[in-house]
Amino acid sequence: MKDMHGAFTSAGRSLVLFDSRDGYDWNLAKHPLVSTLQIRWANGTVQPVGYLERPQLWFDNGKPAVLLLATTIDQTSSYNVQVPLR
């Protein structure tokens, strides 16, 4: 989920992960920080972004394969970013 104020980690505005066995009771994951507001591109450069939000997962053969995120770099246009998961 999108953490607007750094309420769940010391990273400030970020994406955080929660766990639930039943979809009703949610707990902060053991390693909750998913990402700060930056994108690390394949060539190693790091780019700050205005936000990362609307996280969704794409599954391949029942396993999470890609994290899909909405973002903006310059506050004039929004983009969709696909993050391959290992």
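Keep in mind the model is a prediction, meaning the values are calculated, not measured.
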Determine, using the 4.5 Å side-chain heavy-atom cutoff (strictly less than), whether Val46 and Leu37 are members of one ILVMFWY cluster.
-> no
Under 3.5 Å, side chain of Asp3 to main-chain N/O of Phe8, donor-acceptor pair present?
-> yes
How close do Val66 and Gln82 get, heavy atom to heavy atom, and via which atoms?
-> CG1-CB, 3.7 Å
When rounded to the nearest 0.5 angstrom, what is the spacing between CG in Leu52 and CG in Leu15?
-> 5.0 Å
When rounded to the nearest 0.5 Å, the distance separating CH2 of Trp58 from CG of Leu68 is 9.5 Å
Tell me, please, which residues at least two apart from Arg54 pass side-chain contact (heavy atoms from CB on, under 4.5 Å).
-> Ala70
Answer yes or no: does atom CG of Asn61 have more than 12 heavy-atom neighbours from other residues, nucleotides or ligands under 6.0 Å?
-> no
Name all residues meeting the side-chain contact (heavy atoms from CB on, under 4.5 Å) criterion together with Asp22; count only those two or more places apart in sequence or in a different chain, and write none if there are none.
-> Ser20, Tyr24, Asp25
Ala11 and Leu33: which non-hydrogen atoms are nearest, and at how many Å?
-> CB-CD1, 3.8 Å
Leu85 reachable from Val16 in the ILVMFWY side-chain graph, under 4.5 Å edges | no
To the nearest 0.5 Å, tell me how far Leu28 CG sits from Phe18 CZ.
-> 5.0 Å
Shortest non-hydrogen contact from Leu67 toward Pro55 | CD1-CB, 4.1 Å
Any donor and acceptor pair, going by atom type alone, linking the side chain of Arg13 with main-chain N or O of Gly50 inside 3.5 Å?
-> yes
Rounded to the nearest 0.5 Å, how far does CH2 of Trp26 lie from CE of Met1?
-> 11.0 Å
With the 4.5 Å side-chain cut-off for hydrophobic clustering, are Val83 and Trp41 part of the same group?
-> yes
Interatomic spacing from OG in Ser14 to CE in Met4 - rounded to 0.5 Å | 11.0 Å
Atom pair OH/CG of Tyr51 and Leu69 - distance to nearest 0.5 Å = 11.0 Å
Quick one: do Leu17 and Ile39 end up in the same hydrophobic cluster if we chain Ile, Leu, Val, Met, Phe, Trp and Tyr together by side-chain heavy atoms under 4.5 Å apart?
-> yes
